[in-house]
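What follows is a short report on a single structure.
As the structure lists them, so they are numbered: ligands from 1, and atoms in each ligand from 1. Since the model is a prediction, treat every value here as computed from it, not as a measurement.
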Amino acid sequence: MPTAKAFAALSRTTPLVAHEIPRRETGPKDVVIDIHYCGVCHSDIHQVRDEWGRSVYPMVPGHEIVGRVIEVGPEVKGFKVGDLAGVGCLVDSCRTCPSCARHLEQFCVAGCAWSYNSTEMDKATPTYGGYSSRIVVDEAFTLKVSPKLDLAAAAPLLCAGITTYSPLRHWKVGQGTKVGVVGLGGLGHMAVKLAAAMGAEVTMLSTSAAKEADARRLGATGFGLTSDKETFKRLAGHFDVLIDTISAPHDLNAYLGLLRLDGAMVLLGVPPEPAKVGALSLIGGRKVLTGSLIGGIRETQEMLDFCAEHGIVSDIELIPVQQVNEAYERMLKSDVRYRFVLDMKTL
Ligand code: NAP
Ligand code: ZN
Ligand code: ZN
């Protein structure tokens, strides 16, 4: 079996190190991508450190993958050698269940194949992600990336972009919608850019006073410091939609108080511990507490096309692969502006 270079976690407590992994032979419908850049998502940290309790090692994280096609199988129709291509969190699904039929492969009833810390649909062959030199993916799960976008800065669109785009569309955010984005990290900064591009009035809710100027540059017209109780009084009942991207435990009840009648709070962050929600936080004002999981392949392509049209990419810090362990530590201190992207030629 062909192999590829990678950077892997060999256990939940050790730093990521250089590692060699198998990649499958090119199948008839497969696209082989030479990975140029891979974004670093907080989900990589949660899984490397086994915070969700289902990690398998060796683990090669990375689901914000962009690069160039270097080979295609004989039945591939949509890609040719030399094309730019992207891969996100999904690499396969059953393709026939009701969720797949609705282009919501992330909710595949049979359980989809995630890019890493997962298996192919045979439920046996492990998948390895984008902290790697090369990936082989079915063309049905390969995305087209516009050459108009800076390629390294486009990488985070494959997770941070679609994860925020999908709920903004689902909750019909548009001209004049009052959107609050909670947490200014990788997901948060994409939520601000995308909601602003959709015409919403965006307020950033952050623990970091130093990020206010950036939040405004990204498209927010309001800012609330969440360590200040006054913020929760000032903005009580203000928002139509809240997009919560916080990766650590926090009090949801306080944020629910910021929603107007029938407003919706969408959880995107996945803190390791469950949260407590008081019924009264929802009953008064008939509020909706909901979640959202990345987006299907069709919507991911729609998001990439929207970003190409609006010139939207991520604000990134491009780093050599060997600095990924340090990047994790900085993300845990909320010290990220606003996405680390690994330069795979350093592997
Ligand atoms: P990130 O870049 O590390 O950003 C998280 C932000 O949350 C931080 O920058 C910080 O913003 C805020 N924060 C961190 N700790 C906090 C605390 N203790 N209290 C309050 N705020 C805190 O992470 P990310 O990559 O955007 O991912 C965010 C979360 O979304 C993770 O849990 C990740 O696993 C999850 N995720 C979910 C999906 C999905 O499909 N639902 C997809 C991707 C990622 P401030 O400095 O502004 O406060
Ligand atoms: Zn992610
Ligand atoms: Zn399915």
Side chains of residues 95-102: which donor-acceptor pairs under 3.5 Å do they make with residues two or more places apart or in other chains?
{"unit_1": "Arg95", "atom_1": "NE", "unit_2": "Asp92", "atom_2": "OD1", "d": "3.1"}
{"unit_1": "Arg95", "atom_1": "NH2", "unit_2": "Asp92", "atom_2": "OD1", "d": "2.8"}
{"unit_1": "Arg95", "atom_1": "NH2", "unit_2": "Asp138", "atom_2": "OD2", "d": "3.1"}
{"unit_1": "Ser99", "atom_1": "OG", "unit_2": "Phe107", "atom_2": "O", "d": "2.9"}

In this structure, are over 12 heavy atoms from other groups packed under 6.0 Å from [X] atom [atom1]?
X: Lys5; atom1: NZ; value: no
X: Arg12; atom1: CZ; value: no
X: Lys77; atom1: NZ; value: no
X: Arg24; atom1: CZ; value: yes

Under 2.8 Å from the Zn ion (ligand 3) - protein N/O/S, by chain and number: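 The answer, once waters are left aside, is Cys94 SG, Cys97 SG, Cys100 SG, Cys108 SG.
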Among His46, Glu64, Gln47, Arg339, closest by any non-hydrogen atom to atom 25 (O) of ligand 1: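 Selected option, by shortest heavy-atom distance: Arg339.
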Shortest heavy-atom approach to atom 44 (C) of ligand 1 - which of Ala215, Gly186, Ser43: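 That would be Ser43.
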Report the distance from atom [atom1] of [X] to atom [atom2] of [Y], rounding to the nearest 0.5 Å.
X: His19; Y: Phe7; atom1: NE2; atom2: CZ; value: 12.0 Å
X: Leu16; Y: Gln322; atom1: CG; atom2: CD; value: 11.5 Å
X: Ile35; Y: Ile65; atom1: CD1; atom2: CD1; value: 5.0 Å
X: Asn117; Y: His63; atom1: CG; atom2: NE2; value: 11.0 Å

For [X] and [Y], work out which heavy atoms get closest and say how close.
X: Cys112; Y: Gln106; result: SG-O, 4.0 Å
X: Arg339; Y: Ser314; result: CB-OG, 3.6 Å
X: Ser292; Y: Ser166; result: OG-OG, 4.4 Å

Parallel, tilted or perpendicular, as decided by the 30° and 60° cut-offs, for the rings of Tyr131 and Tyr328: tilted
What residue and heavy atom of the protein are closest to [atom], and at what distance?
atom: atom 20 (C) of ligand 1; answer: Thr207 CG2, 3.4 Å
atom: atom 12 (C) of ligand 1; answer: Gly183 CA, 4.0 Å
atom: atom 15 (N) of ligand 1; answer: Ala248 CB, 3.8 Å
atom: atom 4 (O) of ligand 1; answer: Gly185 CA, 3.3 Å
atom: atom 26 (O) of ligand 1; answer: Leu187 N, 2.8 Å
atom: atom 23 (O) of ligand 1; answer: His42 CB, 3.1 Å
atom: atom 41 (N) of ligand 1; answer: Ser292 O, 2.9 Å

Does any N or O in the side chain of [X] come within less than 3.5 Å of the main-chain N or O of [Y], such that one atom is a donor and the other an acceptor?
X: Lys144; Y: Leu84; answer: no
X: Glu64; Y: Ala160; answer: yes
X: Asp50; Y: Gln47; answer: no

N/O to N/O below 3.5 Å, does that happen between [X] and ligand 1?
X: Leu268; answer: yes
X: Ile246; answer: no
X: Pro249; answer: no
X: Trp52; answer: no
X: Cys159; answer: no
X: Tyr338; answer: no

Within-shell test, Gln106 vs ligand 1, heavy atom, strictly < 4.0 Å: no
contact_flag Lys211 ligand 1 heavy-atom lt 4.0 Å: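 In this structure, Lys211 qualifies as a contact of ligand 1 - some heavy atom is under 4.0 Å.
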Could you list the atoms of ligand 1 found under 4.0 angstrom from a heavy atom of [X]?
X: Ser206; value: 45 (P), 46 (O), 47 (O), 48 (O)
X: Leu293; value: 40 (O)
X: Ser208; value: 45 (P), 46 (O)
X: Gly269; value: 29 (C), 30 (O), 32 (O), 35 (C)
X: Ile294; value: 39 (C), 40 (O)

Residue-atom pairs from the protein, N, O or S only, that lie under 2.8 Å from the Zn ion (ligand 2): Cys41 SG, His63 NE2, Cys159 SG
Cluster overlap Tyr165 with Val66, hydrophobic side-chain contacts below 4.5 Å: yes
Please list every donor-acceptor pair under 3.5 Å in which a side-chain atom of residues 145-156 meets a protein atom from a residue at least two apart or in another chain.
{"unit_1": "Ser146", "atom_1": "OG", "unit_2": "Lys148", "atom_2": "N", "d": "3.0"}
{"unit_1": "Asp150", "atom_1": "OD2", "unit_2": "Ala152", "atom_2": "N", "d": "3.4"}
{"unit_1": "Asp150", "atom_1": "OD2", "unit_2": "Ala153", "atom_2": "N", "d": "3.0"}

Report the part of [X] (side chain from C-beta onward, or backbone N, CA, C, O) that has a heavy atom under 4.0 Å from ligand 1; answer both or neither where that applies.
X: Phe340; answer: neither
X: Thr163; answer: side chain
X: His250; answer: neither

Side-chain ion pair, [X] and [Y], N-O less than 4.0 Å:
X: Glu139; Y: Lys29; value: no
X: Lys211; Y: Asp214; value: no
X: Lys276; Y: Asp251; value: no

